[in-house]
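So that the names make sense, note that chain A is the first sequence line, chain B the second, and so on, each numbered from 1.
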Amino acid sequence: MKLLSRSFFQQPTLTVARELIGARLHFQNHSGIITETEAYIGQDDPACHAARGLTPRTKVMFGPPGFSYVYLIYGMYHCLNIVTETENFPAAVLIRGVMCDNDHIHLNGPGKLCKAWGITKKNNNTDICLSNHFFVTTGTPSVNVLTTPRIGIKVGIKHLWRFVMSKNDINKLLDI
DNA sequence: ACCCCGATCGTA
DNA sequence: ACGATCGGGGTT
């Protein structure tokens, strides 16, 4: 089980989003296998929060890769992202699904994950390459991954930038 | 100061 | 299909 380093998150966002499927996310006393991600890529991606430039909220996305980007959505749910690519190129991967290690509960949805694990804006801008309570390691290798359009957006739908672990591989995780 | 709207989710 | 709920960001 190897720690995913800054050089991993510095790769193209689509590569990171794809490779994070099957990796293991650790947060405080929680851990689980990532089953679903989405890529948000730079100022030319209309669905990316940073599309309209640098603001107090999107500042993290303009920073170095490997930092958490946590924001509040719809006034009640938090979403966890990990910043990707080089500094000053605003991009991130949204973590949308995790299979919890302990109880095998499948947290299928970014709001459900943050609610279940207690991830809030307090955890924004954390360096997950250096933290010892918030990091990502290698997990289940060579899983099958499907791509679809991203969920819940009205623009940028043409891109297949959502990555989902195959139903078959998710079911295997339930058996472990 | 004001207004619109959103990378969601549970309920109907 | 729809409402809850509130902060971010643009506009006046």
Side-chain angles (χ1 to χ4, degrees), chain A residues 4 8-23 25 27 30 32-100 103-128 134 136 145-165 167 170:
Chain A
L4 297 189
F8 171 81
F9 295 107
Q10 185 148 8
Q11 297 177 93
T13 308
L14 293 177
T15 303
V16 176
R18 165 65 181 79
E19 297 282 316
L20 278 178
I21 302 297
L25 176 67
F27 177 76
H30 306 279
I33 297 290
I34 297 172
T35 58
E36 182 181 345
T37 61
E38 280 177 3
Y40 289 87
I41 313 177
Q43 299 192 254
D44 291 333
D45 173 8
C48 181
H49 285 169
R52 281 167 279 322
L54 193 155
T55 66
R57 181 174 64 153
T58 61
K59 192 169 184 287
V60 206
M61 293 183 84
F62 286 82
F67 281 70
S68 63
Y69 168 44
V70 182
Y71 66 90
L72 183 69
I73 188 66
Y74 297 112
M76 28 178 137
Y77 298 104
H78 291 274
C79 291
L80 167 65
N81 299 252
I82 301 173
V83 175
T84 56
E85 311 218 20
T86 71
E87 193 162 1
N88 294 320
F89 185 89
V93 171
L94 171 66
I95 309 298
R96 291 188 52 89
V98 166
M99 180 69 74
C100 297
D103 46 22
H104 291 187
I105 287 175
H106 190 203
L107 301 170
N108 56 338
K112 293 181 193 175
L113 167 65
C114 288
K115 188 178 180 197
W117 286 17
I119 298 172
T120 70
K121 283 165 67 174
K122 299 262 180 211
N123 307 292
N124 185 45
N125 202 13
T126 300
D127 188 344
I128 66 166
F134 196 1
V136 187
V145 179
L146 316 174
T147 59
T148 80
R150 293 171 291 180
I151 301 293
I153 55 172
K154 296 191 173 79
V155 289
I157 309 174
K158 60 178 178 182
H159 297 117
L160 303 180
W161 287 355
R162 173 171 173 254
F163 298 82
V164 195
M165 186 183 295
K167 193 80 198 268
I170 291 175

Tell me the closest heavy-atom pair linking Gly66(A) and Ile82(A), and the distance in Å. CA-CG2, 4.3 Å
Ile41(A) CD1 to dA7(B) C1': how many Å, rounded? 13 Å
Output a table of nitrogen or oxygen pairs between the protein and nucleotides 9-12 of chain B separated by less than 3.5 Å.
unit_1: dC9(B); atom_1: OP1; unit_2: Gly109(A); atom_2: O; d: 3.4
unit_1: dC9(B); atom_1: OP1; unit_2: Pro110(A); atom_2: N; d: 3.2
unit_1: dC9(B); atom_1: OP1; unit_2: Gly111(A); atom_2: N; d: 2.7
unit_1: dC9(B); atom_1: OP1; unit_2: Lys112(A); atom_2: N; d: 3.0
unit_1: dC9(B); atom_1: O4'; unit_2: Tyr77(A); atom_2: OH; d: 3.3

Determine whether Leu14(A) and Trp161(A) make a side-chain contact, defined as any pair of heavy atoms from C-beta on separated by less than 4.5 Å. yes
Reading nucleotides 5-12 of chain C 5' to 3', which nucleotides get B (base under 4.0 Å from a protein heavy atom), which S (sugar-phosphate only), which -? BBSSSS--
Relative to the ring of His30(A), is the ring of Trp117(A) parallel (under 30°), tilted (30 to 60°) or perpendicular (over 60°)? parallel
For Watson-Crick and G-U wobble pairs within 3.5 Å on both distances, what is DNA chain B written in dot-bracket notation, | included for inter-strand pairing? ||||||.||||.
Looking only at heavy atoms, the pair that brings Asn125(A) and Phe67(A) closest together is OD1-CD2, 3.3 Å
Exercise: identify the closest heavy-atom pair between Cys114(A) and Leu80(A): SG-N, 3.7 Å
Where Tyr40(A) and Ile151(A) come nearest, the two heavy atoms and their spacing: OH-O, 4.4 Å
Given atom OH of Tyr69(A) and atom P of dA7(B), what is their separation to the nearest angstrom? 9 Å
Using whole Å, what does the distance between atom C1' of nucleotide dT8(B) and atom CD1 of Ile119(A) come to? 15 Å
With rounding to the closest Å, how many angstrom separate the P atoms on dC2(B) and dT5(C)? 22 Å
What I'd like to find out is whether the side chain of Val164(A) reaches to under 4.5 Å of the side chain of Ile21(A), using heavy atoms alone. no
